[in-house]
Q: 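Before I ask anything, let me first share the structure, which is written out below as structure tokens.
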Amino acid sequence: MKYSQFNSILPLEDKFVLYNTFSNHAIVLDPLLKDLLNAAKIEGIDNLEDVHPTFFSALKHKEFLLEDSVDEVQKVMDLRNAVDYAEDAYHLTINPTMNCNFKCWYCYETHIKASRMNEEIIERVNKFLSYQLEKNEKLQHFTLSWFGGEPLLYYYDIVLPIINHFNKVAQNRSISTFVNFTSNGFLVSEKMLESFKETGVRSLQITLDGYGADHDKVRYVTETRGSYEKIISNVVMMIKQQVFIRLRINYTTENLKNVHRIVYDLLDLTEADKEFIMVDFHRVWQDDVLDDSDIVQLQIDEFKKYGFAVSSNHSMDNVRNSCYADKKNSAVINYNGDVFKCTARDFTTFKRDGYIDEQGEIIWENGRHEKRMDSKFKNKPCLSCRLLPVCNGGCSQHAVENVEIQGEYCVFNHDENRKSEIVMEKVRELLDLA
Ligand code: SF4
Ligand code: SF4
């Protein structure tokens with residue numbers, strides 16, 4: 001037998017925890033058992049069977065010990081292939097415009113005022129949807145996501161005609177469809193909400209940049225007119241009509257201490273309404289990272305106190321839950337017909353991965369799609385790393401950029417303490433210690 005490459009042993013209060021990143025199993029060990037296991041790692045793991053047969057068999061059963069013949073990296077590759085090359089699902093994201101009604105200081109996109117998808121590109125997108133939904137026999141699930149820019153800016157002119165076409169071509173197939181938006185939520189009206197319900201739009205992700213005035217400092221209509229109150233009232237209106245809202249709260253060191261006050265503006269929601277909201281805490285990535293996890297927890301606790309579901313668990317899971325951009329069947333179509341994989345970089349034409357042609361076919365250019373799909377398992381340090389099943393060198397964007405620039409890399413700069421922190425996040429989630 002051999003000791004799995006994906007095991008870690010870490011202190012947990014007065015004991016230790018043994019965790020495996022592939023099996024996602026954890027067991028708590030008394031110090032004596034930890035010493036026994038560490039000794040066996042040096043002296044030969046098979047000896048443990050004689051010394052402590054029940055412990056040995058438990059470790060085997062939970063896949064902390066494996067047959068010598070098992071190729072652990074290959075198991076991760078097989079899992080990744082099953083997830084990222086799955087043919088039964090497609091995720092299409094559309095940016096109908098790069099324009100936005102706000103201008104947030106941290107927004108990474110360039111707002112292009114005159115940008116909007118024209119009739120010709122709408123036609124190409126519709127052809128693409130017709131092909132996928134009518135001819136792609138392997139397809140079982142189709143997710144249509146709207147991004148931008150602010151996708152609701154041209155809801156009636158661009159978005160609705162495409163959704164109507166999507167619904168029309170999907171209705172003849174027994175296929176599960178899902179339509180969602182990433183929006184700032186300001187432009188939602190009663191009329192638009194009616195249209196969401198008619199066309200099956202079931203979910204929006206809406207961002208707040210803190211509570212009240214903090215949010216208004218970042219997202220405003222004019223210097224004297226903020227947007228917080230309008231967005232909150234739209235959020236409540238949509239939830240009451242059973243449209244699911246992922247309320248993303250972007251926090252910074254500056255706005256953090258007040259974000260719990262958002263919950264007091266949501267108290268009109270009944271217990272049944274709360275099934276339609278998930279609160280999601282995110283640190284703004286340009287903000288300096290201070291260790292303020294206790295303050296974050298206090299804010300989260302206030303939401304939980306009033307019965308709101310909070311998703312703050314973002315422990316790494318880059319293989320089983322890889323990003324849509326890592327998947328073969330995913331594309332982002334920009335308003336001008338350029339095609340990308342990742343939504344977290346700018347959408348300038350010279351960085352595009354391809355385009356959609358007159359027939360509605362996505363043409364990937366310069367081997368960029370293949371290169372991205374092929375970017376995993378190329379970084380040598382990852383192949384012997386205990387985090388491979390959850391990290392896998394980061395997302396494909398990370399892998400592509402790092403391999404191009406540096407050759408070998410590690411998203412944690414090879415810092416074993418940082419890797420142990422990731423393991424502890426997984427352990428806390430698993431043992432529900434968060
Ligand atoms: S940066 Fe990475 S995780 Fe984010 S959208 Fe792009 S590929 Fe996905
Ligand atoms: S990037 Fe670093 S932590 Fe992640 S799998 Fe590779 S070596 Fe491990």
Side-chain angles (χ1 to χ4, degrees), residues 4-8 10 19-22 72-77 79-80 83-84 91-95 106-109 143 145-148 180 182 205 207 248 250 280 282-286 314-334 338-348 351-353 364 368-369 371-426:
S4 167
Q5 158 190 340
F6 304 135
N7 290 341
S8 297
L10 293 168
Y19 177 79
N20 186 288
T21 49
F22 186 80
E72 291 195 88
V73 173
Q74 187 59 48
K75 279 171 69 178
V76 182
M77 287 179 174
L79 178 62
R80 184 267 168 162
V83 172
D84 288 352
H91 189 153
L92 181 69
T93 302
I94 302 177
N95 299 330
Y106 57 78
C107 192
Y108 44 78
E109 285 139 23
T143 301
S145 297
W146 295 92
F147 196 73
N180 62 2
T182 301
Q205 174 175 296
T207 303
R248 175 171 161 143
N250 282 347
D280 202 356
H282 275 265
R283 177 180 282 287
V284 173
W285 59 270
Q286 287 91 338
H314 297 296
S315 77
M316 211 173 218
D317 205 9
N318 293 340
V319 178
R320 283 184 178 86
N321 272 310
S322 59
C323 173
Y324 45 78
D326 296 357
K327 295 180 171 63
K328 179 170 170 268
N329 269 358
S330 85
V332 184
I333 302 180
N334 205 15
D338 289 345
V339 175
F340 296 82
K341 290 293 282 183
C342 166
T343 50
R345 295 294 181 274
D346 66 73
F347 293 106
T348 44
K351 290 183 185 163
R352 74 183 188 182
D353 294 307
W364 299 106
R368 287 172 70 98
H369 190 239
K371 215 193 261 171
R372 177 182 291 268
M373 292 309 295
D374 203 34
S375 63
K376 296 298 177 86
F377 305 102
K378 291 287 183 295
N379 184 39
K380 222 165 143 210
C382 299
L383 302 180
S384 55
C385 176
R386 62 189 159 128
L387 290 197
L388 181 72
V390 292
C391 173
N392 200 11
C395 63
S396 56
Q397 187 65 26
H398 222 111
V400 169
E401 287 171 1
N402 277 286
V403 166
E404 272 171 8
I405 298 164
Q406 306 167 356
E408 288 185 7
Y409 72 97
C410 170
V411 295
F412 298 116
N413 216 5
H414 307 282
D415 179 343
E416 291 301 319
N417 292 331
R418 278 292 293 125
K419 292 189 195 178
S420 293
E421 282 169 21
I422 299 296
V423 171
M424 278 317 290
E425 278 173 24
K426 305 293 294 181

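Numbering of ligands and ligand atoms starts at 1, following listing order. This is a predicted model, so every value here is computed, not measured.
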Q: Does NZ belonging to K371 count more than 12 external heavy atoms closer than 6.0 Å?
A: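 Not buried by this count: 12 neighbours or fewer within 6.0 Å.
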Q: Taking atom types as modelled and ignoring hydrogens, do the side chains of T207 and N250 form a donor-acceptor contact shorter than 3.5 angstrom?
A: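 Distance-only check fails for T207 and N250.
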Q: Provide, to 0.1 Å, the distance between atom 1 (S) of ligand 2 and the closest protein heavy atom, together with that atom's residue and name.
A: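 Answer for atom 1 (S) of ligand 2: V411 N, 3.3 Å.
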Q: Establish, for the pair R320 and F22, whether the NZ or CZ atom is under 6.0 angstrom from the six-membered ring centre and no further than 45 degrees off its axis.
A: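 Yes.
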Q: Have a look at A344, S330, S322 and point out the one with the heavy atom closest to atom 4 (Fe) of ligand 1.
A: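 Looking at heavy atoms only, A344 sits closest to atom 4 (Fe) of ligand 1.
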Q: Examine the proximity of ligand 2 to H414 and report which part, side chain or backbone, both or neither, has a heavy atom under 4.0 Å away.
A: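 For H414, no heavy atom sits under 4.0 Å from ligand 2.
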Q: Looking only at side-chain N and O atoms, does K341 offer a donor or acceptor that is under 3.5 Å from a partner on S330?
A: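 A pair is found: one side chain offers a donor N or O, the other an acceptor, under 3.5 Å apart.
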Q: Under a 3.5 Å cutoff, is there a donor and acceptor pairing between the side chains of S4 and E72?
A: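 Checked: S4/E72 side chains pair up, N/O donor to acceptor below 3.5 Å.
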Q: If I take every N, O or S atom of C391, is at least one of them less than 2.8 Å from atom 6 (Fe) of ligand 2?
A: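 So C391 does not bind atom 6 (Fe) of ligand 2 by this criterion.
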Q: Within the 4.0 Å heavy-atom shell around C323, which atoms of ligand 1 are there?
A: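 Reading through ligand 1 atom by atom, the close ones are 3 (S), 5 (S), 7 (S), 8 (Fe).
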Q: With atoms numbered from 1 as shown, which atoms in ligand 2 lie under 4.0 angstrom from a non-hydrogen atom of F412?
A: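 This gives 3 (S) as the contact atoms.
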Q: Between K378 and D374, is there a donor-acceptor pair closer than 3.5 Å when you use the side chain of the first and the backbone of the second?
A: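 Side chain of K378 to backbone of D374, a donor-acceptor pair under 3.5 Å: yes, one is there.
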Q: Check each atom of ligand 2 against the heavy atoms of G393 and keep those under 4.0 Å away; list them by number with element.
A: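 So the answer, numbered in order with elements, is 1 (S), 4 (Fe), 5 (S).
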Q: One pair to check against side-chain contact (heavy atoms from CB on, under 4.5 Å): V332 and F147. What are the steps and the verdict?
A: CA-CA 9 Å; V332 184; F147 196 73; 5.8 Å; no
Q: Does a donor on one side chain sit under 3.5 Å from an acceptor on the other, for T343 and Y324?
A: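 Judged by distance alone, the side chains do pair up.
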Q: Near A325, which atoms of ligand 1 are under 4.0 Å from a heavy atom of that residue?
A: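 Under 4.0 Å from A325, ligand 1 has these atoms: 7 (S).
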Q: Distance to 0.1 Å, residue and atom name: give those for the protein heavy atom nearest to atom 2 (Fe) of ligand 2.
A: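 Answer, as residue, atom name and distance: C410 SG, 2.4 Å.
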Q: Quick one: nearest non-hydrogen protein atom to atom 6 (Fe) of ligand 1, plus distance?
A: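 Protein heavy atom at minimum distance: C342 SG, 2.2 Å.
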Q: Atoms of ligand 2 less than 4.0 Å from C385 heavy atoms?
A: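 Numbered from 1, ligand 2 contributes 3 (S), 5 (S), 7 (S), 8 (Fe).
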Q: Only heavy atoms of C395, strictly under 4.0 Å: list the atoms of ligand 1 that pass.
A: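 Matching atoms, with element in brackets: 1 (S), 2 (Fe), 3 (S), 7 (S).
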